[in-house]
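Here is the structure we will look at, set down as structure tokens.
First listed ligand is number 1; within each ligand, the first listed atom is number 1. Numbers here are sequence positions counted from 1. Side-chain atoms are counted along with the backbone in the values below, which use heavy atoms only and exclude waters and symmetry mates. Note that the structure is predicted; figures quoted are calculated from it, not measured.
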Amino acid sequence: MLSETDARARGLADLPPVESDSLLQLIALCNADPRPEKIDVGVGVFRDGVGRTPILQVIKDAERILLETQDTKSYLGSAGDKRFAELIRPILLGDHADDERIAGVQTPGGCGALRLGFELIATVNPNARVLVGTPTWPNHPPIIRSVGLQMIEYPYYDRDACSIRFEAMIDALNDARPGDVVLLHGCCHNPTGADLTDHQWDEVIRVISERGLLPFVDIAYQGFGRGLDEDARGLRGILSACEEVIVAQSCDKNFSVYRDRVGSLFLKTGSTEATARAMGHVFQRAREMWSMPPDHGAASVRLVLDTPELKQRWPGELAAMRDRINAVRQKIAAADPRLSYIGDQFGMFSMLPLTKEQVLGVREKHAIYMADSGRFNVVGLGDDQIDRFTAAVVEALDA
Ligand SMILES: Cc1ncc(COP(=O)(O)O)c(C=O)c1O
């Protein structure tokens, strides 16, 4: 028999409030600020020099083809668009694309791929611990916990020194148990922008393979850092060295299709048979969660990559986004020696060594909205906002 309290606690009205996402709170605060000069660097998407997140021309063209040629919206099955996954394969895997021990499947964005990958780990090894660098993208911990896996933090970045805590990271990996999972950002680390150097990747890969750890690479910004191949170098090194690897990939940024939810999960095991068996579980978990991924965005990306003329144009549009990111970085870095590290980092995000009080001070005085941690999106800045932003940051650093 349930007690009266238990019985009452089962009503939906008894649910406690969810602690709201601080980035969503930041957006609401920024929207409510009436000051016309306000600057939103809390935003998580690419913006051009005048503050727009445009649809890529190649995607617009692919959508036109899709509109004219698609003749059914019948179900595709839990694998989604198989051709999409085939076409992403060489872009992501490079020389490993022909390795038949690697299989991939379309997912609802990078988030879907992360969840699916962790579901698979929880299925095979519910006692696995997941090592996660700090700080990390705030959605990583809840996704890991949602499948019941234990999370262990390892030091990744020193906010005050503005550099990677590499020795501490290696020590933590050396302390891990065989079978533990190591979550790594493939490139353009979110929230810090601090990517491992080639040499550091080699060292991380050596420890992971020597200790029998399972690498899980989250690569959501391929092409936003140095280039498509350069940004996948760490991942491909891992694929060369490790028998089992999981990869969560997103096209939402590099094809600028955020809301259309386009991503994929790839996995490698020691044999084609084991990979096929693991993929059986992947399809089963996908079926339980979303049955099949949404089609439109992946079909558009597929059409870009399957239409020679569009495929040829896409790297140019991607390079234009990357060039803006890197140009803004260089401009910020040149403003003050204390900001020079920003010019050596990659992707949209960096972290300022400001205290929470300083972040709030900058918000109040200059209407500049960044996360309390000091994380900001370099391309949240319009071309005409960069100088005002750096002046405000330097003023806060001087105070
Ligand atoms: C590090 C990281 N991984 C994964 C994702 C997921 O991307 P999406 O689900 O929008 O494809 C993001 C998005 O911001 C991210 O920053």
Worksheet item: Do the ring centers of F346 and Y221 come within less than 6.0 Å of each other?
Response: no
Worksheet entry | Note: D306-R302 ion pair, threshold 4.0 Å (strictly below) | no
Fill in: Salt-bridge criterion met for D198 and R233 (N-O under 4.0 Å)
yes
Worksheet entry | Pairing residues for R338 by the side chain to side chain contact (heavy atoms under 4.5 Å, CB included) criterion, not counting sequence neighbours | D336, V394, L397, D398
Worksheet item: In chain order, what residues pass the side chain to side chain contact (heavy atoms under 4.5 Å, CB included) check against L29, with sequence neighbours excluded?
Response: R363, Y369
Give every pair made of an N or O atom of ligand 1 and a protein N or O atom lying under 3.5 Å apart, one pair per line with both atom names and the distance to 0.1 Å, or write 'none'.
{"residue": "ligand 1", "atom": "3 (N)", "partner": "D218", "partner atom": "OD1", "Å": "3.3"}
{"residue": "ligand 1", "atom": "3 (N)", "partner": "D218", "partner atom": "OD2", "Å": "2.6"}
{"residue": "ligand 1", "atom": "9 (O)", "partner": "G110", "partner atom": "N", "Å": "3.2"}
{"residue": "ligand 1", "atom": "9 (O)", "partner": "C111", "partner atom": "N", "Å": "2.9"}
{"residue": "ligand 1", "atom": "9 (O)", "partner": "R261", "partner atom": "NH2", "Å": "2.6"}
{"residue": "ligand 1", "atom": "10 (O)", "partner": "D252", "partner atom": "OD2", "Å": "3.4"}
{"residue": "ligand 1", "atom": "10 (O)", "partner": "R261", "partner atom": "NH1", "Å": "3.0"}
{"residue": "ligand 1", "atom": "11 (O)", "partner": "G110", "partner atom": "N", "Å": "2.7"}
{"residue": "ligand 1", "atom": "11 (O)", "partner": "S250", "partner atom": "OG", "Å": "2.7"}
{"residue": "ligand 1", "atom": "11 (O)", "partner": "D252", "partner atom": "OD2", "Å": "2.4"}
{"residue": "ligand 1", "atom": "14 (O)", "partner": "Y221", "partner atom": "OH", "Å": "3.3"}
{"residue": "ligand 1", "atom": "14 (O)", "partner": "K253", "partner atom": "NZ", "Å": "2.8"}
{"residue": "ligand 1", "atom": "16 (O)", "partner": "N190", "partner atom": "ND2", "Å": "2.8"}
{"residue": "ligand 1", "atom": "16 (O)", "partner": "Y221", "partner atom": "OH", "Å": "2.7"}

Worksheet item: Who else is in the cluster with I27 when I, L, V, M, F, W and Y are joined by side-chain contacts under 4.5 Å?
Response: L24
